Amino acid sequence: MAKRISILLVVVLFLTGCDYSKSDNRAGVFYNTFVQPMDKLLHLLGRLFNENYGLAIITIVLIVRFILLPFMLIQVKNMHIMREKTKVVQPQIDKIREKIKNASSQEERNAANQLLMKKYKQYGINPFKNVVGCLPIVIQIPILMGLYMSLKYPSSDGITKYPHFLWFNLTEPNIVMTLIAALMYFIQPLVNSIHYPKKERKTYYVMMVLSPIFITYASLTSASALGLYWSISAAFLIIQMHFAHRHYSKVGQLEAEQLRKSLNTKNDNH
């Protein structure tokens, strides 16, 4: 979680250093790869929705979230399976970790680490699959930066000519939209945290404080369209993660029960 906050802060610093107000500056790898395609997509969808750029931004959110959906589901599934299976074999894992901790030589420590990896593989527990959880963050960063720049320096007058959506102007900061976005990013880690053991919730409590602060700052210093993007994205995440956790917690318990029966059968045979 700390890494996520660090990444977001780096994004903000990067964004504040870019200036595409002059057409001569609209070049380079980043602009051509991320800003220009996002700008074209935004205005294409805006025209498609009869110059409704609020709907265009919501559509972009849904496209991004559906692209990231498989990665998020893999992360949640692996987390629940690994957690439930680890509970079953925890005594064995603890013994090996104790060996690692008390190893008197590097060779002994390496042997114990190899044994731990062997046990993980034997029981279908793969802690390294959690790396997949970083991919949605990495993928979203250039998308978010591209959207930010296309809102701040649009290539055409589409969104500046038709900026109104609901009660606010998409191209200007809006305090109500900012508060909604901040509230959503307070609720999102809160909802996510209830699916974790109490001892693992601390990082989510930190996110409940830091995320709204970051969202508030970024929204008030940019277009409210960004607040709209974050609000819809957080709402999607809240629903997605709630049902994903509910489903995969049952999957994890089922696989853990199968592992328990398998171990009991082996013990009975011995």
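Computed from a predicted structure; not experimentally measured. FYI, the numbering just counts along the sequence from 1.
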Chemist: Do His242 side-chain atoms and Ile238 backbone N/O form a donor-acceptor pair below 3.5 Å?
Modeler: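 The answer is no, because no donor-acceptor pair under 3.5 Å joins these two groups.
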
Chemist: Mind running side-chain contact (heavy atoms from CB on, under 4.5 Å) on Met184 and Ile232 for me, showing each step along the way?
Modeler: CA-CA 9 Å; Met184 295 301 288; Ile232 301 300; over 6 Å; no

Chemist: Could you tell me if the side chain of Ile60 sits less than 4.5 Å from the side chain of Met38, heavy atoms only?
Modeler: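 Yes; the side chains approach each other to less than 4.5 Å.
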
Chemist: Okay, side chain of Thr178, backbone of Thr216: is any donor-acceptor separation there less than 3.5 Å?
Modeler: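 Flag not set: sc Thr178 to bb Thr216 has no pair under 3.5 Å.
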
Chemist: Contact between Tyr53 and Leu45 at the side-chain level, heavy atoms closer than 4.5 Å - yes or no?
Modeler: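 Side-chain contact under 4.5 Å: no.
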
Chemist: So His247 and His80, do their side chains get closer than 4.5 Å, heavy atoms only?
Modeler: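 They are not in side-chain contact.
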
Chemist: Could you check whether any side-chain heavy atom of Tyr185 comes within less than 4.5 Å of a side-chain heavy atom of Ser233, counting everything from C-beta outward?
Modeler: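 In contact.
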
Chemist: Search all heavy atoms of Glu51 against all heavy atoms of Arg47 and return the closest pair with its distance.
Modeler: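 The answer is OE2-CG, 3.8 Å.
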
Chemist: Transitively linked via ILVMFWY side-chain contacts under 4.5 Å: Leu254 with Ile74?
Modeler: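 They do not share one cluster, since no chain of ILVMFWY contacts under 4.5 Å joins Leu254 to Ile74.
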
Chemist: Kindly compute the distance separating CE (Met241) from CD (Gln75), expressed to the nearest 0.5 Å.
Modeler: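 Answer rounded to 0.5 Å: 6.0 Å.
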
Chemist: Hey, is CG on Asn50 packed in by over 12 heavy atoms from elsewhere, all under 6.0 Å?
Modeler: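 No, not enclosed.
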
Chemist: Nearest 0.5 Å, what's the CZ-CE distance between Phe66 and Met72?
Modeler: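 The CZ atom of Phe66 sits 13.5 Å away from the CE atom of Met72.
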
Chemist: Are the side chains of Phe243 and Ile239 in touch, meaning some heavy atoms are under 4.5 Å apart?
Modeler: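 They are in contact (side-chain heavy atoms under 4.5 Å apart), so the answer is yes.
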
Chemist: Write down the atom of Ala56, the atom of Gly46, and the distance for their closest heavy-atom approach.
Modeler: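 Residues Ala56 and Gly46, closest heavy atoms: CB-N, 3.7 Å.
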
Chemist: Please confirm whether the backbone N or O of Leu55 pairs with a side-chain atom of Thr59, one donor and one acceptor, at under 3.5 Å?
Modeler: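 Here the side-chain-to-backbone pair exists.
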
Chemist: Do Glu257 and Gln253 touch side chain to side chain, with heavy atoms closer than 4.5 Å?
Modeler: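 Side chain of Glu257 against side chain of Gln253, heavy atoms only: no contact under 4.5 Å found.
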
Chemist: Should Leu44 and Leu228 be regarded as members of a common hydrophobic cluster, given that ILVMFWY residues are connected when their side-chain heavy atoms come within less than 4.5 Å of each other, either directly or indirectly?
Modeler: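 Each belongs to a different hydrophobic cluster.
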
Chemist: Could you go step by step and tell me if Phe49 and Phe165 meet the ring pair (Phe, Tyr, Trp, His ring centres under 6.0 Å) rule?
Modeler: CA-CA 12 Å; Phe49 291 121; Phe165 179 68; over 10 Å; no

Chemist: One pair to check against side-chain contact (heavy atoms from CB on, under 4.5 Å): Asn174 and Asn169. What are the steps and the verdict?
Modeler: CA-CA 8 Å; Asn174 181 272; Asn169 186 319; over 6 Å; no

Chemist: So do the side chains of Val251 and Glu84 get within less than 4.5 Å of each other, counting heavy atoms only?
Modeler: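 The answer is no; the side chains never approach within 4.5 Å.
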
Chemist: What distance separates Ile57 CD1 from Ser231 OG, expressed to the nearest 0.5 Å?
Modeler: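 The OG atom of Ser231 is 11.0 Å from CD1 of Ile57, to the nearest 0.5 Å.
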
Chemist: Determine whether Gln106 and Asn110 satisfy the following criterion, side chain to side chain donor-acceptor pair (under 3.5 Å), listing intermediate values before the conclusion.
Modeler: CA-CA 6 Å; Gln106 188 62 42; Asn110 289 340; 3.0 Å; yes

Chemist: So how far is it from Ile175 CD1 to Ile180 CD1, rounded to the nearest 0.5 Å?
Modeler: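 Here the interatomic distance stands at 10.5 Å.
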
Chemist: Show your working on side-chain contact (heavy atoms from CB on, under 4.5 Å) between Leu62 and Phe236 and close with a plain yes or no.
Modeler: CA-CA 8 Å; Leu62 296 178; Phe236 188 99; 3.9 Å; yes

Chemist: With a 4.5 Å cut-off on side-chain heavy atoms, are His164 and Leu170 touching?
Modeler: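 Result no, sub-4.5 Å side-chain heavy-atom pair not found.
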
Chemist: In a check of side-chain contact (heavy atoms from CB on, under 4.5 Å) between Tyr248 and each of Asn78, Leu73, Ile81, which one passes?
Modeler: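 When Asn78, Leu73, Ile81 are each tested with Tyr248, the side-chain contact (heavy atoms from CB on, under 4.5 Å) holds only for Leu73.
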
Chemist: Is it true that atom NZ of Lys85 has more than 12 heavy atoms of other residues, nucleotides or ligands lying nearer than 6.0 Å?
Modeler: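 Atom NZ in Lys85 is crowded, with more than 12 foreign heavy atoms closer than 6.0 Å.
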
